[in-house]
Amino acid sequence: AGLTVLNSFGNNAGKVMAIKQGTYVERIANDINSIPNGSSFANSATIRAYPGHVVTLRPSSGVDAVLGMGDGASQYVIFQDLVLDGINGMHEIVSLRGPTHHIRLLGCDIKNTQGPDNAGVTSYPGTGTSGSNEIINCLIHDHGTSSVGPNGPGPHGLYISTNGNLIEGCDIYNNWQHGMQVFETPTPSNCIVRNNRIHHNGRGLALYDVGLVVYGAGHLCYNNIIYDERDEGLYIESAAGSKFYHNSLFSTGSGITFVS
């Protein structure tokens, strides 16, 4: 079921709903919850943990995502300081799909995707032009328990397939295959990946493990620290006009691979 406390939110763009401490066997989804839209982040609706409280969303099995923003058109909504836990069988934790756009995750703990596919955070075009989302200062970890086949693919921390996203200040670790993959056909463009720590991924020991995989044009990737990745720290392909600088890599197998 959707998080019932949101039923009282109404059409309150620009307002804050602060949830008190507890573990809720519920999820947030814009096809079942009434979530108001903003017109910019300056007047967005904010759904957050009450300051100093630990708020965990841990649905029972049988639902697609803990935070599902895709079946309805949502925009300019902030989710802050929530623990989003998929230990009971979720195949993805955060699903951002078209026509949803401009969703901000701030200071959330996103963990425990189960199964062989998807990822902790996914952003797919779907039936619209989803993108311009922001994932800031989040923990993204322990995603995946198996692979689709013996050679993969396996779940990643993030799988970003849309344009214009910001991933900043996150700690991305202990995921089944890659830490983060920016990839799809057609390739995404104009994402910013900065100031993240990406490390200790590739728990599926038979799989190719890269900290950060980037395809597509116009990306900016800088000031990231990538370490303790078995095969490669950074894989870059078909990235015309993208810029990579001031990234620190160590204990990463072959380091950086570039394919034009």
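Only heavy atoms go into these numbers, but all of them, side chains included; no hydrogens, no water, no symmetry mates.
- The hydrophobic cluster containing Leu166 also includes Leu106, Ile136, Ile192, Leu220, Tyr222, Tyr245, under a criterion of side-chain heavy atoms closer than 4.5 Å among ILVMFWY residues, counted directly or through chains of members.
- For His141, the side chain to side chain contact (heavy atoms under 4.5 Å, CB included) test picks out Asp109, Lys111, Leu139, Tyr173, with sequence neighbours left out.
- With hydrogens and angles ignored, the 3.5 Å screen pairs a side-chain donor or acceptor of Asn133 with a backbone N or O of Ile103.
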Could you go through residues 55-70 and list every donor-acceptor pair under 3.5 Å that involves a side-chain atom there, pairing it with any protein atom two or more places apart or in another chain?
unit_1 : atom_1 : unit_2 : atom_2 : d
Arg58  : NE     : Asp85  : OD2    : 2.9
Arg58  : NH2    : Asp85  : OD2    : 3.2

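- Of all the heavy atoms in Leu84 and Val94, the pair that sits closest is CD1-CG2, 3.8 Å.
- In this structure, Val193 and Leu212 have side chains that are in contact, with non-hydrogen atoms separated by less than 4.5 Å.
- In this structure, Leu207 and Ser147 approach most closely via the heavy-atom pair CD1-OG, 3.1 Å.
- Between the Ser242 side chain and the Gly216 main chain, a donor and an acceptor come within less than 3.5 Å of each other.
- Between Asn112 and Gln114, some side-chain heavy-atom pair lies under the 4.5 Å cut-off.
- When only modelled atom types and interatomic distance are considered, Asn174 and Asp142 share a side-chain donor-acceptor pair under 3.5 Å.
- In this structure, the side chain to side chain contact (heavy atoms under 4.5 Å, CB included) partners of Thr113, at least two apart in sequence or on a different chain, are Ile93, His143.
- Asn165 places no side-chain N or O within donor-acceptor distance of the main-chain N or O of Cys191, the cut-off being under 3.5 Å.
- Taking the six-membered ring where the residue is Trp, His101 and Tyr76 present perpendicular rings, their angle passing 60° and hence far from 30°.
- Scored by the salt bridge (Lys or Arg N to Asp or Glu O under 4.0 Å) test, Glu229 finds no partners at all (sequence neighbours excluded).
- Screening residues 37-54 for salt bridge (charged side-chain N to carboxylate O under 4.0 Å, His left out) gives Arg48-Asp81 as the qualifying pairs, with residues at least two apart or on separate chains.
- Of the possible polar contacts, none joining the Glu134 side chain to the Ser132 backbone as a donor-acceptor pair under 3.5 Å is found.
- Hydrophobic clustering of Ile, Leu, Val, Met, Phe, Trp and Tyr side chains at less than 4.5 Å, counting indirect connections, unites Ile236 with Leu158.
- Two residues are said to be in side-chain contact when any heavy atoms from C-beta on lie closer than 4.5 Å; Ser161 and Pro125 meet this criterion.
- For Asn201 (side chain) and Asn175 (main-chain N/O), a donor-acceptor pair under 3.5 Å exists by modelled atom type.
- If you take CD1 on Ile28 and CG on Asn30, they are separated by 10.5 Å, rounding to the nearest 0.5 Å.
- Minimum interatomic distance between Cys221 and Asn224 (heavy atoms only, all atoms of both residues): C-ND2, 3.9 Å.
- Every side chain to side chain contact (heavy atoms under 4.5 Å, CB included) that Gln181 has, sequence neighbours left out, goes to His156, Tyr159, His178, Phe183, Val213.
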Pair up each side-chain donor or acceptor in residues 252-260 with any protein partner under 3.5 Å, not counting sequence neighbours, and list the distances.
unit_1 : atom_1 : unit_2 : atom_2 : d
Ser254 : OG     : Asp231 : O      : 3.2
Ser254 : OG     : Glu232 : OE2    : 3.4
Thr257 : OG1    : Glu232 : OE2    : 2.0

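- Every residue two or more places apart in sequence or in another chain that forms a side chain to side chain contact (heavy atoms under 4.5 Å, CB included) with Ser189 is listed here: Asn163.
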### Task
Please lay out, stage by stage, how Trp176 and Thr145 fare under the test side-chain hydrogen bond (donor to acceptor under 3.5 Å, both in side chains).
CA-CA 7 Å; Trp176 193 258; Thr145 55; over 6 Å; no
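- When hydrophobic side chains of Ile, Leu, Val, Met, Phe, Trp and Tyr are connected at separations under 4.5 Å, Phe250 ends up clustered with Ile225, Tyr227.
- Its side chain within the 4.5 Å cluster rule, Val83 clusters with Val54 among the Ile, Leu, Val, Met, Phe, Trp and Tyr residues.
- Looking at Phe244 and Val214, their side chains come closer than 4.5 Å, going by heavy atoms from C-beta outward.
- Here Ile167 contributes atom CD1 and His219 contributes atom NE2; the two are 9.5 Å apart, rounded to the nearest 0.5 Å.
- For Asn196 (side chain) and Cys170 (main-chain N/O), a donor-acceptor pair under 3.5 Å exists by modelled atom type.
- Between the Glu92 side chain and the Thr122 main chain, no donor and acceptor come within less than 3.5 Å of each other.
- Figure legend: cation-pi geometry between Arg104 and Phe79 absent, as NZ or CZ is not positioned both under 6.0 Å from the six-membered ring centre and within 45° of its axis.
- Residue pairs satisfying the salt bridge (charged side-chain N to carboxylate O under 4.0 Å, His left out) criterion with at least one member in residues 194-218, sequence neighbours excluded, are listed as follows: Glu168-Arg194, Asp171-Arg197.
- A distance of 5.5 Å separates CD1 in Ile35 from OG in Ser74, rounded to the nearest 0.5 Å.
- In terms of heavy-atom proximity, Val210 sits nearest to Gly233 at CG1-O, 3.8 Å.
- Scanning both residues, Thr162 and Gly131, for their nearest heavy atoms gives OG1-CA, 3.7 Å.
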